There are 2 protein chains.
Amino acid sequence: MESPTDLLFRALADPTRRALFERLCLEGEQTVGRLTAGAGISQPAVSKHLGVLRQAGLVLDRHEGRQTHYSAQQRALAPLVDWTGRMNRFWEARFDDLEDLLKRMDQ
Amino acid sequence: MESPTDLLFRALADPTRRALFERLCLEGEQTVGRLTAGAGISQPAVSKHLGVLRQAGLVLDRHEGRQTHYSAQQRALAPLVDWTGRMNRFWEARFDDLEDLLKRMDQ
DNA sequence: ATTTCTCATAACCATCTGGTTATAAATATG
DNA sequence: CATATTTATAACCAGATGGTTATGAGAAAT
């Protein structure tokens, strides 16, 4: 009963998880071992976080031999962008109204 | 030791809290009582959520007599927009690279 | 075949979270 | 003044969360 958007926001709520996702975005695909190295937490903790990110659609996993490579799925951020857009539209609308008002006052 | 961005993401992680913020964005300033009416939870719960939103900078409160009016502070979403932008830049860059590649192949 | 390496899962635990009811504080009203 | 209304806070509780260690499963290496 949890919407994809809920999953997204919740997945990104944790700073450690966000840091993992950021690394995958900026540095590209990486193995669990490599991610664990720079994470400051245990390997199982990293695996759990990656599981949450995967369930939220934020990362993809690719198995190769005995290691798993994770990569960012940036499209998954779309709902977040849409949402912020919807929340800002009204701000923009009000801003436009204000601009209109100022223009009319100017004439 | 919690960064403003951390506060933001955490505040928006809860669907009830997000719903409150959405209402304030779309319907404008409202009292606690009015927000409580449509929230499906108790008034103290709503007050606590509003407290979290306020600490994250997402809402402002205005006291008038015995009631408190809350309003959305949409600018507070800026860090979130910036963050998604940074995460997507690389996707765009790669996309551009791909476009370039395709163009070069086309010639 | 045995051992080693890499990752995921299980079991567990302390803390955080989101809700509740009860109550206090401040303002309006009779 | 006494009472009612509105919001915030306190105290509490069940369940979620993020971490740990131990272990299992599969692939590679010796």
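On a predicted model such as this, the values are computed, not experimentally measured, just so you know. Every chain is numbered from 1, with letters handed out A, B, ... down the list of sequences.
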What is the distance, to the nearest angstrom, from the [atom1] atom on [X] to the [atom2] atom on [N]?
| X | N | atom1 | atom2 | value |
| --- | --- | --- | --- | --- |
| Q30(B) | dT7(D) | CD | P | 12 Å |
| R62(B) | dT7(D) | CZ | P | 12 Å |
| K48(B) | dA11(D) | NZ | C1' | 10 Å |
| R34(B) | dT5(D) | CZ | C1' | 18 Å |
| H49(B) | dT20(C) | NE2 | P | 9 Å |
| R18(B) | dG18(C) | CZ | P | 12 Å |
| L53(A) | dC7(C) | CG | P | 16 Å |
| H63(B) | dT5(D) | NE2 | C1' | 17 Å |

Decide side-chain contact (heavy atoms from CB on, under 4.5 Å) for H63(A) and D61(A); before the verdict, give the C-alpha distance in whole Å, the side-chain angles of both, and the deciding distance to 0.1 Å.
CA-CA 7 Å; H63(A) 300 275; D61(A) 56 345; 3.6 Å; yes
Main-chain N/O of E2(B) paired to D6(B) side chain as donor or acceptor, under 3.5 Å
no
Donor-acceptor contact below 3.5 Å, side chain R17(A) vs main chain L53(A)
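Here the side-chain-to-backbone pair does not exist.
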Tell me whether the guanidinium CZ or amine NZ of R54(A) lies under 6.0 angstrom from the six-membered ring centre of Y70(A) and within 45° of its axis.
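R54(A) over Y70(A) ring: no.
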Heavy-atom count around Q55(B) CD within 6.0 Å, excluding the residue itself: above 12?
no
Pick base, sugar-phosphate or nothing for R17(B), based on heavy-atom distances below 4.0 Å to the nucleic acid.
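Sugar-phosphate: the residue R17(B), judged by heavy atoms under 4.0 Å, touches backbone atoms but no base.
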What contact category does T36(A) fall into here, base, sugar-phosphate, or nothing, at under 4.0 angstrom with non-hydrogen atoms?
nothing
Under a 4.0 Å heavy-atom criterion, the protein footprint on nucleotides 22-30 of chain C, written with B, S and -, is B----BS--
Linking I/L/V/M/F/W/Y whenever their side-chain heavy atoms sit closer than 4.5 Å, directly or via other members, would L12(A) and I41(A) fall into one cluster?
yes
Under-4.0 Å side-chain N/O to phosphate OP1/OP2 contact, [X] with [N]:
| X | N | answer |
| --- | --- | --- |
| S42(A) | dG19(D) | no |
| Y70(B) | dA8(D) | yes |
| T68(A) | dG26(D) | no |

Assign the ring pair F9(B) / W83(B) to parallel, tilted or perpendicular, where the plane angle (0 to 90°) is split at 30° and 60°.
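Ring orientation of F9(B) relative to W83(B): perpendicular.
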Which nucleotide, dC7(C), dT20(C), dG19(D), lies nearest any side-chain atom of I41(A)?
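Closest nucleotide among those given: dG19(D).
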5'-most contact on DNA chain D: L50(B) or T16(A), nearest heavy atom basis?
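Closest to the 5' end, via its nearest nucleotide, is L50(B).
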